[in-house]
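Let me begin by presenting the structure, written as structure tokens, before commenting on it.
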Amino acid sequence: KPLRFILLLCLFILGENFLRLVWVLYTNREFAAIVGNFPFRLDSLMVGVLLAAIKIFYNSLYIKMKNIYYMAKHNIVSDKN
């Protein structure tokens with residue numbers, strides 16, 4: 001069941017960002033109009049919930065993710081400018 005919960009969170013985050021993209025393309029609004037709408041601000045909250053779920057249910061993965069060497073090794077974080 002934890003995997004289902006994590007997948008649901010991922011789908012929610014992706015779906016919300018897709019809806020944000022559609023909103024921008026069809027309404028041609030400014031950034032402030034998007035940030036001002038409450039539903040379009042939930043993705044950052046859900047990323048926190050996603051990371052908390054990974055920390056609770058898959059602690060070894062979380063430890064790897066927070067290790068900066070792991071991130072640099074996999075080109076997630078780069079020192080190149």
Side-chain angles (χ1 to χ4, degrees):
K1 294 215 176 192
L3 184 60
R4 268 192 201 168
F5 179 67
I6 289 173
L7 288 176
L8 179 67
L9 286 173
C10 289
L11 287 174
F12 179 83
I13 293 167
L14 291 173
E16 183 178 10
N17 283 308
F18 177 74
L19 288 174
R20 185 183 303 176
L21 175 68
V22 169
W23 176 272
V24 169
L25 290 176
Y26 285 111
T27 63
N28 202 17
R29 302 263 175 130
E30 297 177 2
F31 180 72
I34 296 166
V35 176
N37 288 316
F38 173 71
F40 291 135
R41 296 187 316 197
L42 287 175
D43 61 336
S44 57
L45 177 68
M46 291 299 136
V47 168
V49 173
L50 176 65
L51 289 173
I54 291 172
K55 184 177 182 180
I56 291 169
F57 298 119
Y58 301 101
N59 197 16
S60 61
L61 176 63
Y62 180 79
I63 290 170
K64 286 181 184 177
M65 286 171 53
K66 78 175 191 173
N67 184 356
I68 193 70
Y69 175 73
Y70 176 82
M71 293 175 140
K73 183 179 175 183
H74 296 296
N75 295 324
I76 297 171
V77 175
S78 177
D79 291 349
K80 298 176 186 174
N81 289 331

**Asked** When clusters are formed by joining ILVMFWY residues with side-chain heavy atoms under 4.5 Å apart, either directly or through shared neighbours, do F5 and I56 land in the same one?
**Response**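 Both belong to a single hydrophobic cluster.
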
**Item:** L11 reachable from I54 in the ILVMFWY side-chain graph, under 4.5 Å edges
**Value:**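 No, no single cluster joins them.
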
Which residues pass the side-chain contact (heavy atoms from CB on, under 4.5 Å) test with [X], not counting sequence neighbours?
{"X": "L3", "answer": "L7, Y58"}
{"X": "T27", "answer": "W23, R29"}
{"X": "L14", "answer": "none"}
{"X": "N59", "answer": "K55, Y62, I63"}

**Request:** Hey, could you give me the CD1/CG distance between I6 and L51, rounded to the nearest 0.5 Å?
**Result:**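 With rounding to 0.5 Å, CD1 (I6) is 10.0 Å from CG (L51).
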
**Asked** Which other residues belong to the hydrophobic cluster containing Y26, where Ile, Leu, Val, Met, Phe, Trp and Tyr are joined when side-chain heavy atoms lie under 4.5 Å apart, directly or via other members?
**Response**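 F18, V22, all in the cluster of Y26.
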
**Asked** Rest of the hydrophobic cluster containing L8 (Ile/Leu/Val/Met/Phe/Trp/Tyr, side-chain heavy atoms under 4.5 Å)?
**Response**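 None, because no other hydrophobic side chain comes under 4.5 Å of this residue.
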
